[in-house]
**Q** 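The structure's right below; bear with me while I get my questions together.
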Amino acid sequence: MVPDALAGFARVHADLVVHDEQAGFFRARYPAPGRRVAIVSGGGCGHEPLHLGFLGAGMLDAVCPGQLMASPHNRQVFDASRAVSRGAGVLHLVKNYTGDRINFGIAAERLAHEGIDCARVLIDDDLASDSPESATGRRGTGAAVLVEKVLGAAADTGLGLRELADLGTELVSRCRSLAVASAAHRTPATGRSAFDLAEGDLEWGVGIHGERARRTESRPALDELVTRMTEELLAALDPAAGDSVIALVNGLGGVTRLELYGVARELAARLDRWGLVLERVLVGDFVTALDMRGFSLTLMRADPETVKWFDAPAHTPSWPR
């Protein structure tokens, strides 16, 4: 299924992307001319449109897709990074999962042997996995989309590798996400649910690979659900009244756009109540877990420069603005 889907993506978006099928990566057909540092990301398939949908001018220079819910191989990352390097270094955007960290890390070591400078931004925004029991710490989830967009625009201004890496780390520190689900995704090979959840129950803090949450509870009304999620996010970010935020209301694959706009309304109302300025909000499927029946909320604290970069043009298969 994965090779067929990747071939289909390459055919549909041939005006924007180039598929190196043998090496297993995609690169932007028309990268931004002012960029000195290449930006490379990737991860397992099953989360579409992440990351392939954000490949192109204004966002990513190359993407390495792994197998279903699995990290790309370090060889893919190495080949992709070498192919798009422009002489000023390569920045890897890595979601915080063990396989991704290992494979991007090995690729970075190989690039160093080739004389290609490489830095990494580790995306770890998921509140549900912020626990001493987690071996790797917070997972990387919805913040990946916002970080890819803002860093892509910043790179287009000609910033250097260290400047972009520092900016990326700061952006991640200003992002937190939380996801809930009322039904698991179905495994494509069998059509069976990854886990069972009783009618009326909710997984609080589900992961994008179908990881079960630390707790299951009765599903509350939407206004109560969004209120609690927003309170947890704001407690982690600790913004002051009058601060600006960018929000992502993200479907996990099995929720309609109609429902997501209802979630966005509730989120906006709560942010208004707490005296925050909702500068921008994205609504739709951006980081999915196949067809999981759920959604995630991501908040990023944003200064005027962040908003400017968020608004900068991007020409990719899935960026909506």
Side-chain angles (χ1 to χ4, degrees), residues 2-45 47-67 70-95 100 103-108 110-112 114-121 123 144-145 147-161 164-165 168 286-287 312-319:
V2 169
D4 289 348
L6 295 178
F9 181 89
R11 180 67 182 271
V12 170
H13 299 293
D15 59 325
L16 294 174
V17 307
V18 177
H19 185 198
D20 189 324
E21 190 171 356
Q22 182 174 2
F25 68 86
F26 290 74
R27 61 176 175 83
R29 185 174 292 277
Y30 302 110
R35 186 177 293 192
R36 298 190 298 127
V37 175
I39 302 181
V40 178
S41 193
C45 290
H47 306 306
E48 289 72 27
L50 193 78
H51 295 273
L52 281 171
F54 308 120
L55 173 63
M59 293 189 74
L60 300 174
D61 290 287
V63 169
C64 305
Q67 291 298 313
S71 168
H73 193 277
N74 65 80
R75 182 181 59 250
Q76 294 171 260
V77 181
F78 171 71
D79 288 340
S81 301
R82 188 167 57 174
V84 298
S85 174
R86 302 175 184 184
V90 178
L91 183 64
H92 289 166
L93 305 186
V94 184
K95 300 191 305 302
D100 296 77
N103 282 296
F104 275 88
I106 293 172
R110 295 182 63 190
L111 290 167
E114 295 271 331
I116 298 174
D117 200 7
C118 183
R120 179 176 73 177
V121 172
I123 301 169
V145 179
V147 171
E148 287 174 0
K149 177 62 188 74
V150 174
L151 275 184
D156 288 348
T157 68
L159 291 184
L161 180 61
L164 288 169
F286 293 90
V287 185
H315 195 37
T316 81
S318 300
W319 182 250

**Q** Can you tell me how far the CZ atom of R110 sits from the CG atom of D79, to the nearest 0.5 Å?
**A**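 Atom-to-atom, R110:CZ and D79:CG are 6.5 Å apart.
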**Q** Identify which one of R35, R82, R36, R27 satisfies the salt bridge (charged side-chain N to carboxylate O under 4.0 Å, His left out) criterion when paired with D61.
**A**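 Result: among R35, R82, R36, R27, R35 is the only option passing the salt bridge (charged side-chain N to carboxylate O under 4.0 Å, His left out) with D61.
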**Q** Could you pull out the closest heavy-atom pair between A314 and K149, with the gap in Å?
**A**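 Taking every non-hydrogen atom into account, CB-CE, 3.9 Å.
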**Q** Looking at side-chain heavy atoms only, is the closest gap between L16 and H315 below 4.5 Å?
**A**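 Yes, close enough: below the 4.5 Å cut-off.
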**Q** Rounded to the nearest 0.5 Å, what's the gap from OG on S41 to CD1 on I123? Could you check?
**A**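 One gets 6.0 Å once the value is rounded to the nearest 0.5 Å.
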**Q** Taking C-beta and beyond as the side chain, do V37 and L159 meet within less than 4.5 Å on heavy atoms?
**A**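 No, side chains not in contact.
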**Q** So which heavy atom on R120 is nearest to which on L91, and how close?
**A**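 Closest approach of R120 to L91, heavy atoms only: N-CD1, 4.2 Å.
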**Q** For the CG atom of L55 and the CG atom of L50, what is their distance to the nearest 0.5 Å?
**A**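 L55 CG to L50 CG: 11.5 Å, rounded to 0.5 Å.
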**Q** Taking all heavy atoms of A165 and all of A119, pick out the closest pair and write down the distance.
**A**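 Nearest pair, atom of A165 first, then A119: CB-CB, 4.0 Å.
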**Q** Between atom CD1 of I39 and atom CG of L161, what is the distance when rounded to the nearest 0.5 Å?
**A**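 Interatomic distance, I39 CD1 to L161 CG, rounded to 0.5 Å: 10.0 Å.
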**Q** Would you sort out whether Y30 and D15 count as a side chain to side chain contact (heavy atoms under 4.5 Å, CB included), showing the intermediate values?
**A** CA-CA 9 Å; Y30 302 110; D15 59 325; 5.8 Å; no
**Q** Using distance alone, with no hydrogens and no angle criterion, decide if K95 and H47 have a side-chain donor and acceptor under 3.5 Å apart.
**A**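 No, no side-chain donor-acceptor contact under 3.5 Å.
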**Q** Between A80 and A62, which heavy-atom pair has the shortest distance, and what is it?
**A**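 Of all heavy-atom pairs spanning A80 and A62, the closest is CB-CB, 4.1 Å.
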**Q** How are the rings of F286 and F54 set to each other: parallel, tilted or perpendicular (split at 30° and 60°)?
**A**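 Correct class here is parallel.
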**Q** Answer whether the closest heavy-atom distance between the side chains of E21 and L6 falls below 4.5 Å.
**A**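 No, every pair of side-chain atoms sits at 4.5 Å or beyond.
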**Q** Can you tell me if H73 uses its side chain to pair, donor with acceptor, with the backbone of R75 under 3.5 Å?
**A**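 Yes.
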**Q** Tell me every residue that passes side chain to side chain contact (heavy atoms under 4.5 Å, CB included) with S71, counting only those two or more places apart in sequence or in another chain.
**A**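 Checked S71 against side chain to side chain contact (heavy atoms under 4.5 Å, CB included); matches are D100, N103.
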**Q** Could you tell me which non-hydrogen atom of Q76 sits nearest to which non-hydrogen atom of A23, and how far apart they are?
**A**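 Taking Q76 first and A23 second, the nearest heavy atoms are CG-O, 3.6 Å.
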**Q** Is there side-chain contact between R11 and H19, with at least one heavy-atom pair below 4.5 Å?
**A**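 No - every pair of side-chain heavy atoms lies 4.5 Å or more apart.
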**Q** Side chains of L93 and L60: closer than 4.5 Å at any heavy-atom pair?
**A**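 Contact flag for L93/L60 side chains = yes.
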**Q** Taking the six-membered ring for Trp, are F26 and F9 parallel (under 30°), tilted (30 to 60°) or perpendicular (over 60°)?
**A**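 F26 vs F9 ring planes: perpendicular.
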**Q** Just so I know, are the side chains of H51 and C64 near enough to count as touching, which here means a heavy-atom distance under 4.5 Å?
**A**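 They are not in side-chain contact.
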**Q** Is there a donor-acceptor pair closer than 3.5 Å between any side-chain N or O of E48 and the backbone N or O of G53?
**A**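 Side chain of E48 to backbone of G53, a donor-acceptor pair under 3.5 Å: no, none is there.
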**Q** Do P31 and R86 come within less than 4.5 Å of each other through their side chains, counting heavy atoms only?
**A**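 Contact flag for P31/R86 side chains = yes.
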**Q** What is the minimum heavy-atom distance between C45 and P65, and which atoms define it?
**A**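 Heavy atoms of C45 and P65 come nearest at SG-CB, 4.0 Å.
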**Q** Just do the side chain to side chain contact (heavy atoms under 4.5 Å, CB included) check on E148 and T316 with the steps written out, would you?
**A** CA-CA 12 Å; E148 287 174 0; T316 81; over 6 Å; no
